[in-house]
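Each remark here refers to the structure printed beneath this line.
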Amino acid sequence: MTKPFYLTTAIDYANGDPHLGHALEKIGADVMARWRRLGGEPVHFVMGMDEHGQKVLQAAQASGREPAAYTDAISERFESTWRGLACSHDDWIRTTQPRHRAAVTALIERIRERHPEHLFVGDYEGRYCVGCEEFKQDSQIVDGRCTEHPSRELVLTRERNTFFRLSAWQDAVLEAIEAGRFRVEPAIRRNEVLAVLRGGLEDISISRSRLPWGIPFPGGDDETVYVWFDALINYLSATGYPEDGWDRLWPADVHVIGKGITRFHCIIWPAMLMAADLPLPRMVWAHGYVQWGGAKVSKSEGTAVSLDEAVARHGPDALRWFLMREVGFEADGDFTFERFDARYAADLADGLGNLASRVTAMAVKYRDGAIAAGTPPTPLRETAVALVAEYVAAISRHDLRGAAAAIERLVGEADAFVSSSAPWALAKAGQDAELDAVLADLVQVLVRLALMSAPFMPEKARSLWDALGRDGPIEGQWRSAEQPVVGGTTVRKPENLFPK
RNA sequence: GGCCUCGUAGCUCAGGUGGUUAGAGCACCGGACUCAUAAUCCGAGGGUCGAGGGUUCGAAUCCCUCCGGGGCCA
């Protein structure tokens, strides 16, 4: 049995509501997952929650609940949000689950067994920022405050911690990236990571004293595992590690993360795995951020409302389209309702939706929906083949925005072809052979568009697929996009795909 | 503070190993068509390529400084 394509997103920190920034990541990863499944590849797609640490404990206390009850509610809220956005994850991992605790314990014990000198006890004294869950260096402190959380007091803390000898893995991680065994994409993020690695690494504290909301550090004395060290291991615990069969999924094929946490995923995580003599993930893809009207989307006021608003605006598929087509999955992009409305009207309602509507309407009006077989190719066919190839090239290199752009261009080409071939004139003149050829190639383009759109807009693509008289699910049907056979099928007009 | 990155038509972006009049889509304006969700097609207008300086016969493209957005700093 072939190993499934194992794809993960970052697990989100359970101290706030889901926002557009989270949504971009889940949707982008979901597009990747659906693209693979469309081609018939088995996929294992995991998302989840990061639920330990001081900030979660404080958020729970502030809400007057026990941390377990608090994180249950947050987890439920996140997952239902992603389901509402048509995310197709196969598993939902939470760091408070027993399976995760078992994996964390096992991994730490494995490191201790394989490289005992790489876990050591030391004193740590420093100023701790609860906002960051990190000790801050002098370079990050301005006026006695953390630059990230200037409203919070830094806490002078001295404790006995367990350390991980990260410094020992600097060259090995560097080599793995340079050799391409561990890919960091896009290149801009790889360059940043390489610069950090070349600058040298220091050992890191991986336990916390006096913090009960966490996983007990194995062999430790009243310590818990530092929340970041804990969280990274989720990718392994979701495979079932250390139970038999975990290596049917591991190594991960892609970890999808935000650009802000590359250091954890591209330096610390591979070092942890090497210290445990485990294979590295094949790739980390670090996307950019969604800006909200030019400003950073964070956990600040109002952004949680805006995600619900954005979904309600034109439905989940339209939001998915906008985030992929306009915001993109590489660099930062901006979200505004003005742009969202403009894209919805131009790309979807007047674009794909109207094309589907006019083509099927003509097929029904002139031919009762029956598509003729064996018609000679029109110029549209060659154009479509080229654009499908462009789409494949883009999505294969994770250029989701480029793939979406290819969809849009194919819609434009088909609309132009309708104008130039004027099927209504052919019908009036009784040029039946020409009319059949034109309708067949237009319907063929709609089949291609349904397939190309399926990763981005699964529900709308399915509606179109059904209206085109294709049988069964769209999943696994990518092969038919190369040269879809439409002769002999019967189409009907779909319900209004993108109402205005 | 250090390092990195981005800044091109109203908006979203291409271009960028220097070289003819800087491109596309959206929006706006004019025309055409009628199959379609008052949709679509064709055409026109619109930019001193963040600012200043430098290298060069020639710079959006290379160098420096500054301004603004973003990221990282164990």
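Keep in mind that the numbers below use all heavy atoms, side chains included, and drop hydrogens, waters and symmetry copies.
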*Report the residues that fulfil ring pair (Phe, Tyr, Trp, His ring centres under 6.0 Å) with A:F337, sequence neighbours left out, ordered by chain and then residue number.*
A:W292, A:F335

*How would you label the contact of A:L201 with the nucleic acid (heavy atoms, under 4.0 Å): base, sugar-phosphate, or nothing?*
base

_ring pair (Phe, Tyr, Trp, His ring centres under 6.0 Å) partners of A:Y366, counting only residues at least two apart_ = none

_Whichever of A:K493 and A:D203 has its nearest RNA chain B nucleotide further upstream toward 5'_ = A:K493

*Give the rounded distance in Å between these two atoms: CD of A:E192 and C1' of B:rA74.*
15 Å

*Hey, which sits more toward the 5' end of RNA chain B by its nearest nucleotide, A:D332 or A:G351?*
A:G351

*Nearest-angstrom distance, C1' atom, B:rG46 to B:rA27*: 12 Å

*Out of B:rU12, B:rU37, B:rC35, which nucleotide sits closest to the side chain of A:L497?*
B:rU37

*Rounded to the Å, how far apart are A:K365 NZ and B:rA36 C1'?*
10 Å

*When the P atoms of B:rC62 and B:rG68 are considered, how many whole Å apart are they?*
23 Å

*To the nearest Å, give me how far apart CD (A:Q170) and P (B:rC73) are.*
16 Å

*Would you call the rings of A:H118 and A:H115 parallel, tilted or perpendicular if under 30° counts as parallel and over 60° as perpendicular?*
parallel

_Just to be sure I understand the geometry, which residues of residues 428-447 of chain A put a non-hydrogen atom under 4.0 Å away from RNA chain B?_
none

*Consider the side chain of A:R263, meaning its heavy atoms from C-beta on, and name the nucleotide among B:rA74, B:rU37, B:rU12 that approaches it most closely.*
B:rA74

_Donor-acceptor contact below 3.5 Å, side chain A:T224 vs main chain A:L211_ = yes

*Partners passing side chain to side chain contact (heavy atoms under 4.5 Å, CB included) against A:P316 (at least two apart in sequence or in another chain)*: A:L85, A:V311, A:E459

_Roughly how many Å apart are B:rG15 and B:rA9, using the P atom of each and rounding to a whole number?_
15 Å

N/O contacts under 3.5 Å, protein versus nucleotides 41-46 of chain B?
residue: B:rC41; atom: O4'; partner: A:S419; partner atom: OG; Å: 2.9

*For A:G260, which contact category applies under a 4.0 Å heavy-atom criterion: base, sugar-phosphate, or nothing?*
sugar-phosphate

_A:R190 CZ - B:rC4 C1' separation (whole Å)_ = 15 Å

*Ranges pairing with ranges for RNA chain B, where each run has three or more Watson-Crick or G-U pairs under 3.5 Å*: B:1-7 with B:67-73, B:10-13 with B:23-26, B:29-32 with B:40-43, B:50-54 with B:62-66

*How long is the line joining NE2 of A:H287 and P of B:rG70, in whole Å?*
17 Å

*Classify the nucleic acid contact of A:K500 as base, sugar-phosphate or nothing, counting any heavy atom under 4.0 Å across all strands shown.*
base

_Using the rule given for side-chain hydrogen bond (donor to acceptor under 3.5 Å, both in side chains), can you reason through A:H255 versus A:W269, listing the C-alpha separation, both sets of side-chain angles and the distance that settles it, and then say yes or no?_
CA-CA 11 Å; A:H255 290 317; A:W269 178 228; 3.1 Å; yes

*Roughly how far apart, to the nearest Å, are B:rG10 and B:rC3 at atom P?*
34 Å

*Report the residues that fulfil salt bridge (Lys or Arg N to Asp or Glu O under 4.0 Å) with A:E382, sequence neighbours left out, ordered by chain and then residue number.*
none

_No-H, no-angle donor-acceptor pair, A:N354 side chain to B:rA36 base, under 3.5 Å_ = yes

*Looking only at atom C1', what distance separates B:rG18 and B:rC57, rounded to whole Å?*
12 Å

_Please report the distance, rounded to the nearest Å, between CG in A:L348 and P in B:rU40._
12 Å

_For A:R110, give me all partners under side chain to side chain donor-acceptor pair (under 3.5 Å), at least two apart in sequence or on another chain._
none

_Measuring only the P atom in each nucleotide, how far is B:rG45 from B:rA22? A whole number of Å is fine._
13 Å

*If you look at every strand shown and take non-hydrogen atoms under 4.0 Å, does A:A195 touch a base, only sugar-phosphate, or nothing?*
nothing

*Would you indicate what A:G200 reaches in the nucleic acid, counting non-hydrogen atoms under 4.0 angstrom: base, sugar-phosphate, or nothing?*
base

*Just by distance, do the side chain of A:Y391 and the backbone of A:M452 share a donor-acceptor pair under 3.5 Å?*
yes

*Can you find a side-chain donor-acceptor pair between A:H52 and A:Y13 that sits under 3.5 Å?*
no

Identify every side-chain donor-acceptor pair in residues 416-429 of chain A under 3.5 Å, counting partners at least two apart or on other chains, and give the distances.
residue: A:S420; atom: OG; partner: A:A416; partner atom: O; Å: 3.3
residue: A:S420; atom: OG; partner: A:F417; partner atom: O; Å: 3.2
residue: A:S421; atom: OG; partner: A:F417; partner atom: O; Å: 2.6

*Starting from C1' on B:rU5, measure out to CD on A:E330 and report it in whole angstrom.*
12 Å

*To the side chain of A:S357, which of B:rG70, B:rU37, B:rU12 is closest?*
B:rU37

*asked:* Can you check the distance between B:rG70 and B:rU61, where both ends of the measurement are the C1' atom (answer in whole Å)?
replied: 23 Å

*Remember a base hit wins even if backbone is also touched, and classify A:F498 as base, sugar-phosphate or nothing at under 4.0 Å, heavy atoms.*
base

*Rounded C1' spacing from B:rG69 to B:rA51 in Å*: 16 Å

_Just to be sure I understand the rule, does A:R401 reach a base, reach only the sugar-phosphate, or reach nothing, if contact means heavy atoms closer than 4.0 Å?_
sugar-phosphate

*A:F163 CZ to B:rA74 P: how many Å, rounded?*
14 Å

*Start with the C-alpha gap between A:D415 and A:R358, add the side-chain angles, then the distance that decides, and say whether salt bridge (Lys or Arg N to Asp or Glu O under 4.0 Å) holds.*
CA-CA 9 Å; A:D415 269 329; A:R358 69 195 304 208; 2.6 Å; yes

*Does the side chain of A:D441 come under 3.5 Å of the side chain of A:T378 through a donor N or O and an acceptor N or O?*
yes

*asked:* Under the rule for side chain to side chain donor-acceptor pair (under 3.5 Å), what residues qualify as partners of A:D317, not counting sequence neighbours?
replied: none

*Can any side-chain N or O of A:E223 pair as donor or acceptor with the backbone N or O of A:S209 at less than 3.5 Å?*
no

_Which heavy atom of A:R470 sits nearest to which heavy atom of A:P484, and what is that distance?_
NH2-CB, 4.5 Å

Polar atoms only, N or O, under 3.5 Å: list the protein pairs with nucleotides 24-32 of chain B and their distances.
none

*Can you name the residues that form a side chain to side chain contact (heavy atoms under 4.5 Å, CB included) with A:V385, not counting sequence neighbours?*
A:R448, A:Q483

